[in-house]
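Worksheet: the structure to be examined is printed underneath.
Both backbone and side-chain heavy atoms feed into the values below; hydrogens, waters and symmetry mates do not. Given the structure is predicted, the values throughout are model-derived calculations rather than measurements.
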Amino acid sequence: MSKLEFFKQVGQFIDDSEGFADISKDLLKQIKMNNSIVEFQFPLKRDDGSIEVIQAWRAQHSHHRTPCKGGIRFSEIANEDEVKALAALMTYKCAIVDVPFGGAKGAVKINKKNYSESEMERIVRRLTFELYNKNFIGPGIDVPAPDYGSGAKEMAWISDTYKSLSHDLNGSACVTGKPVTQGGVRGREEATGLGVAFGIREFCQSKELAKEFNFNEGVEGKTIAIQGFGNVGFHSADSLAKMGAKIVAVSEFEGMVYCEDGID
(Lines give C-alpha, C1' and ligand atoms only; values in the text may rest on other atoms or scores of the structure.)
Protein backbone atom coordinates (compact mmCIF):
# COMPACT_ATOMS: atom_id res chain seq x y z
CA MET A 1 0.00 0.00 0.00
CA SER A 2 1.08 3.60 -0.55
CA LYS A 3 2.11 5.97 2.22
CA LEU A 4 -1.28 7.72 2.07
CA GLU A 5 -3.07 4.46 2.92
CA PHE A 6 -1.02 3.67 6.01
CA PHE A 7 -3.86 4.37 8.46
CA LYS A 8 -6.26 2.19 6.44
CA GLN A 9 -3.66 -0.57 6.45
CA VAL A 10 -3.43 -0.44 10.25
CA GLY A 11 -7.24 -0.49 10.45
CA GLN A 12 -7.27 -3.62 8.33
CA PHE A 13 -5.36 -5.42 11.09
CA ILE A 14 -8.27 -4.69 13.45
CA ASP A 15 -10.81 -5.85 10.87
CA ASP A 16 -8.84 -9.07 10.44
CA SER A 17 -8.97 -9.68 14.20
CA GLU A 18 -12.76 -9.85 14.21
CA GLY A 19 -12.83 -13.61 13.84
CA PHE A 20 -10.46 -14.11 16.79
CA ALA A 21 -12.24 -11.99 19.41
CA ASP A 22 -15.76 -11.84 20.77
CA ILE A 23 -16.15 -8.14 19.97
CA SER A 24 -18.87 -6.48 17.90
CA LYS A 25 -18.10 -4.76 14.59
CA ASP A 26 -19.34 -1.45 16.02
CA LEU A 27 -16.84 -1.60 18.88
CA LEU A 28 -14.02 -2.57 16.54
CA LYS A 29 -14.92 0.41 14.35
CA GLN A 30 -14.65 2.71 17.38
CA ILE A 31 -11.33 1.18 18.46
CA LYS A 32 -9.78 1.99 15.08
CA MET A 33 -10.48 5.73 15.22
CA ASN A 34 -8.20 8.42 16.62
CA ASN A 35 -9.87 10.30 19.49
CA SER A 36 -8.14 13.65 18.93
CA ILE A 37 -5.95 15.09 16.18
CA VAL A 38 -4.48 18.58 16.01
CA GLU A 39 -2.74 20.17 13.02
CA PHE A 40 -1.08 23.52 13.37
CA GLN A 41 1.28 25.90 11.62
CA PHE A 42 3.60 28.35 13.31
CA PRO A 43 6.20 30.86 12.10
CA LEU A 44 9.94 30.37 12.42
CA LYS A 45 12.33 33.28 12.17
CA ARG A 46 15.39 31.88 10.40
CA ASP A 47 18.93 32.93 11.26
CA ASP A 48 19.00 35.12 8.15
CA GLY A 49 15.90 37.03 9.29
CA SER A 50 13.45 35.38 6.88
CA ILE A 51 10.17 33.87 8.10
CA GLU A 52 9.17 30.28 7.37
CA VAL A 53 5.90 28.55 8.28
CA ILE A 54 6.35 25.16 9.98
CA GLN A 55 3.64 22.47 9.78
CA ALA A 56 3.10 19.93 12.57
CA TRP A 57 0.61 17.36 13.88
CA ARG A 58 -0.19 15.49 17.10
CA ALA A 59 -2.64 12.60 17.26
CA GLN A 60 -4.05 10.99 20.40
CA HIS A 61 -5.51 7.66 19.38
CA SER A 62 -6.90 6.42 22.71
CA HIS A 63 -7.86 8.01 26.03
CA HIS A 64 -8.95 4.74 27.63
CA ARG A 65 -5.67 4.80 29.53
CA THR A 66 -3.81 8.02 30.18
CA PRO A 67 -1.45 9.63 29.64
CA CYS A 68 -1.20 9.14 25.89
CA LYS A 69 2.31 8.11 24.87
CA GLY A 70 4.24 8.38 21.62
CA GLY A 71 7.20 9.98 19.92
CA ILE A 72 7.62 13.16 17.88
CA ARG A 73 9.36 12.72 14.54
CA PHE A 74 11.01 15.35 12.35
CA SER A 75 10.67 14.38 8.70
CA GLU A 76 10.05 16.24 5.47
CA ILE A 77 7.73 13.44 4.30
CA ALA A 78 5.60 13.49 7.48
CA ASN A 79 1.83 13.75 7.00
CA GLU A 80 -1.39 13.40 8.98
CA ASP A 81 -2.12 9.90 7.69
CA GLU A 82 1.22 8.61 8.99
CA VAL A 83 0.74 10.29 12.37
CA LYS A 84 -2.74 8.77 12.81
CA ALA A 85 -1.47 5.30 11.87
CA LEU A 86 1.53 5.43 14.20
CA ALA A 87 -0.63 6.72 17.08
CA ALA A 88 -2.98 3.76 16.62
CA LEU A 89 -0.05 1.33 16.56
CA MET A 90 1.20 2.84 19.83
CA THR A 91 -2.15 2.04 21.48
CA TYR A 92 -2.00 -1.57 20.30
CA LYS A 93 1.63 -1.99 21.37
CA CYS A 94 0.89 -0.66 24.85
CA ALA A 95 -2.18 -2.91 25.11
CA ILE A 96 -0.25 -6.02 24.08
CA VAL A 97 2.32 -5.59 26.87
CA ASP A 98 -0.29 -4.17 29.28
CA VAL A 99 1.30 -0.83 30.11
CA PRO A 100 -1.17 1.90 31.16
CA PHE A 101 -0.85 4.29 28.22
CA GLY A 102 -3.00 5.31 25.30
CA GLY A 103 -1.26 5.70 21.96
CA ALA A 104 -0.16 9.04 20.51
CA LYS A 105 2.22 10.33 17.85
CA GLY A 106 3.53 13.65 16.62
CA ALA A 107 5.41 14.96 13.60
CA VAL A 108 7.02 18.14 12.33
CA LYS A 109 7.34 18.43 8.54
CA ILE A 110 10.97 19.50 8.17
CA ASN A 111 14.35 18.13 7.17
CA LYS A 112 16.61 18.75 10.17
CA LYS A 113 19.67 18.95 7.93
CA ASN A 114 18.38 22.28 6.60
CA TYR A 115 18.29 24.04 10.00
CA SER A 116 20.90 25.30 12.44
CA GLU A 117 20.86 24.19 16.07
CA SER A 118 19.46 27.54 17.18
CA GLU A 119 16.68 27.28 14.57
CA MET A 120 15.88 23.74 15.75
CA GLU A 121 15.65 24.95 19.34
CA ARG A 122 13.20 27.67 18.33
CA ILE A 123 11.12 25.12 16.39
CA VAL A 124 10.98 22.67 19.31
CA ARG A 125 10.19 25.31 21.91
CA ARG A 126 7.42 26.81 19.77
CA LEU A 127 6.09 23.32 19.09
CA THR A 128 5.90 22.73 22.85
CA PHE A 129 4.06 26.03 23.32
CA GLU A 130 1.49 25.02 20.68
CA LEU A 131 0.99 21.59 22.26
CA TYR A 132 0.62 23.14 25.72
CA ASN A 133 -1.81 25.76 24.46
CA LYS A 134 -4.01 23.02 22.96
CA ASN A 135 -3.79 20.72 26.03
CA PHE A 136 -1.85 18.11 24.05
CA ILE A 137 1.07 17.72 26.47
CA GLY A 138 1.40 17.07 30.19
CA PRO A 139 2.42 14.31 32.65
CA GLY A 140 -1.16 13.08 33.00
CA ILE A 141 -2.32 14.04 29.49
CA ASP A 142 0.15 13.26 26.70
CA VAL A 143 3.84 12.40 27.07
CA PRO A 144 6.01 12.67 23.91
CA ALA A 145 9.29 10.83 23.36
CA PRO A 146 12.17 10.71 20.86
CA ASP A 147 11.45 9.37 17.40
CA TYR A 148 12.90 9.67 13.90
CA GLY A 149 15.02 12.85 13.82
CA SER A 150 14.70 13.63 17.53
CA GLY A 151 16.65 12.68 20.64
CA ALA A 152 17.59 13.67 24.17
CA LYS A 153 18.43 17.25 23.21
CA GLU A 154 14.98 17.92 21.75
CA MET A 155 13.31 16.26 24.75
CA ALA A 156 15.29 18.52 27.11
CA TRP A 157 14.05 21.59 25.22
CA ILE A 158 10.46 20.33 25.43
CA SER A 159 10.76 19.62 29.16
CA ASP A 160 12.30 23.01 29.91
CA THR A 161 9.66 24.87 27.88
CA TYR A 162 6.77 22.93 29.39
CA LYS A 163 7.97 23.58 32.96
CA SER A 164 8.33 27.31 32.27
CA LEU A 165 4.75 27.43 30.95
CA SER A 166 3.01 25.15 33.45
CA HIS A 167 4.95 25.66 36.71
CA ASP A 168 4.09 21.99 37.33
CA LEU A 169 6.14 20.32 40.10
CA ASN A 170 5.98 17.13 38.03
CA GLY A 171 6.80 18.99 34.81
CA SER A 172 9.84 16.87 33.98
CA ALA A 173 7.45 13.94 33.46
CA CYS A 174 5.91 15.69 30.43
CA VAL A 175 8.38 13.86 28.19
CA THR A 176 10.59 10.75 28.21
CA GLY A 177 13.99 10.27 26.61
CA LYS A 178 15.57 13.23 28.38
CA PRO A 179 19.32 13.32 29.10
CA VAL A 180 20.21 11.31 32.23
CA THR A 181 21.51 14.52 33.84
CA GLN A 182 18.03 16.04 33.47
CA GLY A 183 15.91 13.20 34.83
CA GLY A 184 16.29 10.72 31.97
CA VAL A 185 16.50 6.95 32.47
CA ARG A 186 19.74 5.06 31.92
CA GLY A 187 19.44 2.62 29.03
CA ARG A 188 16.82 4.65 27.16
CA GLU A 189 19.23 5.67 24.38
CA GLU A 190 20.09 2.11 23.36
CA ALA A 191 16.68 0.59 24.16
CA THR A 192 15.17 0.60 20.65
CA GLY A 193 18.27 -0.75 18.90
CA LEU A 194 18.70 -3.37 21.61
CA GLY A 195 15.06 -4.35 21.07
CA VAL A 196 15.76 -4.87 17.37
CA ALA A 197 18.71 -7.10 18.28
CA PHE A 198 16.60 -9.11 20.75
CA GLY A 199 13.91 -9.61 18.11
CA ILE A 200 16.45 -10.89 15.58
CA ARG A 201 18.02 -13.11 18.24
CA GLU A 202 14.66 -14.71 19.07
CA PHE A 203 13.91 -15.24 15.37
CA CYS A 204 17.26 -16.91 14.81
CA GLN A 205 16.88 -19.15 17.88
CA SER A 206 13.53 -20.54 16.72
CA LYS A 207 13.87 -24.20 15.66
CA GLU A 208 10.66 -23.98 13.60
CA LEU A 209 11.74 -20.86 11.70
CA ALA A 210 15.25 -22.19 11.15
CA LYS A 211 13.76 -25.28 9.54
CA GLU A 212 11.21 -23.31 7.50
CA PHE A 213 13.75 -20.83 6.12
CA ASN A 214 16.71 -23.22 6.03
CA PHE A 215 19.25 -21.49 8.27
CA ASN A 216 21.38 -22.56 11.24
CA GLU A 217 20.00 -21.61 14.64
CA GLY A 218 21.51 -18.70 16.53
CA VAL A 219 22.82 -15.20 15.73
CA GLU A 220 26.50 -16.16 15.71
CA GLY A 221 27.97 -16.10 12.23
CA LYS A 222 24.95 -14.43 10.60
CA THR A 223 25.76 -11.56 8.23
CA ILE A 224 23.91 -8.31 8.89
CA ALA A 225 23.35 -5.21 6.75
CA ILE A 226 22.25 -2.03 8.54
CA GLN A 227 20.20 0.58 6.71
CA GLY A 228 20.44 3.90 8.55
CA PHE A 229 23.14 4.44 11.17
CA GLY A 230 21.47 6.77 13.63
CA ASN A 231 20.66 5.88 17.22
CA VAL A 232 18.66 2.73 16.38
CA GLY A 233 20.97 1.52 13.62
CA PHE A 234 24.12 2.01 15.67
CA HIS A 235 22.87 0.21 18.77
CA SER A 236 21.33 -2.59 16.68
CA ALA A 237 24.68 -3.15 14.97
CA ASP A 238 26.63 -2.88 18.22
CA SER A 239 24.36 -5.34 20.07
CA LEU A 240 24.22 -7.86 17.20
CA ALA A 241 28.01 -7.76 16.83
CA LYS A 242 28.37 -8.53 20.55
CA MET A 243 26.03 -11.49 20.03
CA GLY A 244 28.41 -12.86 17.40
CA ALA A 245 26.84 -11.58 14.19
CA LYS A 246 29.00 -10.13 11.43
CA ILE A 247 28.08 -6.61 10.30
CA VAL A 248 29.04 -6.55 6.62
CA ALA A 249 27.32 -3.36 5.40
CA VAL A 250 26.15 -0.02 6.78
CA SER A 251 24.30 2.56 4.71
CA GLU A 252 23.48 6.16 5.49
CA PHE A 253 22.10 9.21 3.69
CA GLU A 254 25.51 10.04 2.20
CA GLY A 255 26.49 6.55 1.07
CA MET A 256 27.41 3.03 2.13
CA VAL A 257 30.35 0.98 3.40
CA TYR A 258 30.75 -2.76 2.80
CA CYS A 259 33.27 -5.31 4.03
CA GLU A 260 32.79 -9.01 3.41
CA ASP A 261 34.97 -9.87 6.41
CA GLY A 262 32.88 -7.73 8.75
CA ILE A 263 33.03 -4.16 10.06
CA ASP A 264 34.46 -3.52 13.53
How many angstroms lie between atom [atom1] of [X] and atom [atom2] of [Y], to the nearest 0.5 angstrom?
X	Y	atom1	atom2	result
Gln55	Ile110	CD	CD1	12.0 Å
Phe42	Ile123	CZ	CD1	6.0 Å
Ile247	Leu240	CD1	CG	5.5 Å
Ile137	Tyr132	CD1	OH	10.5 Å
Glu190	Ser239	CD	OG	8.0 Å
Thr91	Lys69	OG1	NZ	12.5 Å

Any Lys/Arg nitrogen of [X] or [Y] sitting under 4.0 Å from an Asp/Glu carboxylate oxygen of the other?
X	Y	result
Arg125	Asp160	yes
Asp168	Lys163	no
Asp15	Lys29	no
Asp98	Arg65	yes
Asp147	Lys105	yes
Lys153	Glu121	no

_Cation over ring face, Lys112 and Tyr148, 6.0 Å, 45°_ =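 Geometry flag: not set, cation outside 6.0 Å or 45°.
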*cation_pi(Lys222, Phe215) dist<6.0 Å, angle<=45*: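 The answer is no; the distance or angle limit is not met.
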Any idea which heavy atoms bring [X] and [Y] closest together, and the distance?
X	Y	answer
Ala78	Ala107	CB-CB, 3.7 Å
Cys204	Val219	CB-N, 4.1 Å
Ala245	Ile224	CB-CG1, 3.8 Å
Tyr258	Ala249	CD1-CB, 4.0 Å
Ala145	Arg188	CB-NH2, 4.3 Å
Met90	Gly70	CE-CA, 4.1 Å

Side chain [X], main chain [Y], donor-acceptor under 3.5 Å:
X	Y	value
Ser236	Gly193	yes
Asn34	Ile37	no
Glu154	Gly151	yes
Glu252	Phe229	yes
Ser159	Met155	no
Lys178	Ser172	yes
Glu119	Ser116	yes
Asn111	Glu76	no

*Does the side-chain hydrogen bond (donor to acceptor under 3.5 Å, both in side chains) test come out yes or no for Thr192 and Asn231, once each step is laid out?*
CA-CA 8 Å; Thr192 308; Asn231 179 57; 5.3 Å; no
*Pick one: which of Lys45, Arg126, Arg122, Arg46 meets salt bridge (charged side-chain N to carboxylate O under 4.0 Å, His left out) with Glu52?*
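Looking at Lys45, Arg126, Arg122, Arg46, the match for Glu52 under the salt bridge (charged side-chain N to carboxylate O under 4.0 Å, His left out) is Arg46.
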Answer yes or no: is there a side-chain heavy-atom contact under 4.5 Å between [X] and [Y]?
X	Y	answer
Tyr162	Pro139	yes
Val248	Ile263	no
Leu89	Val10	yes
Lys207	Glu217	yes
Trp157	Met120	yes

_Step-by-step side-chain contact (heavy atoms from CB on, under 4.5 Å) determination, Phe74 to Ile72_ = CA-CA 7 Å; Phe74 293 81; Ile72 297 178; 4.1 Å; yes
Can [X] and [Y] be counted as having a side-chain donor-acceptor contact under 3.5 angstrom?
X	Y	answer
Asp26	Gln30	no
Asn35	Ser62	no
Asp142	Gln60	yes

I'd like to know if [Y] and [X] are part of one continuous hydrophobic network [Ile/Leu/Val/Met/Phe/Trp/Tyr, side-chain heavy atoms within less than 4.5 Å].
X	Y	value
Phe6	Val83	no
Val196	Leu194	yes
Trp57	Leu86	no
Ile14	Ile23	yes
Phe7	Val38	no

*Carefully, step by step, assess Ser36 and Arg58 under the rule side-chain contact (heavy atoms from CB on, under 4.5 Å).*
CA-CA 8 Å; Ser36 303; Arg58 184 72 177 174; over 6 Å; no
_Set out, in order, the CA-CA distance, both residues' side-chain angles and the distance that settles side-chain contact (heavy atoms from CB on, under 4.5 Å) for Phe101 and Val143, then state yes or no._
CA-CA 9 Å; Phe101 303 124; Val143 179; over 6 Å; no
*If you count the non-hydrogen atoms of other residues, nucleotides and ligands that lie under 6.0 Å from CD in Glu39, is the total more than 12?*
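More than 12 heavy atoms, drawn from other residues, nucleotides or ligands, come within 6.0 Å of this atom.
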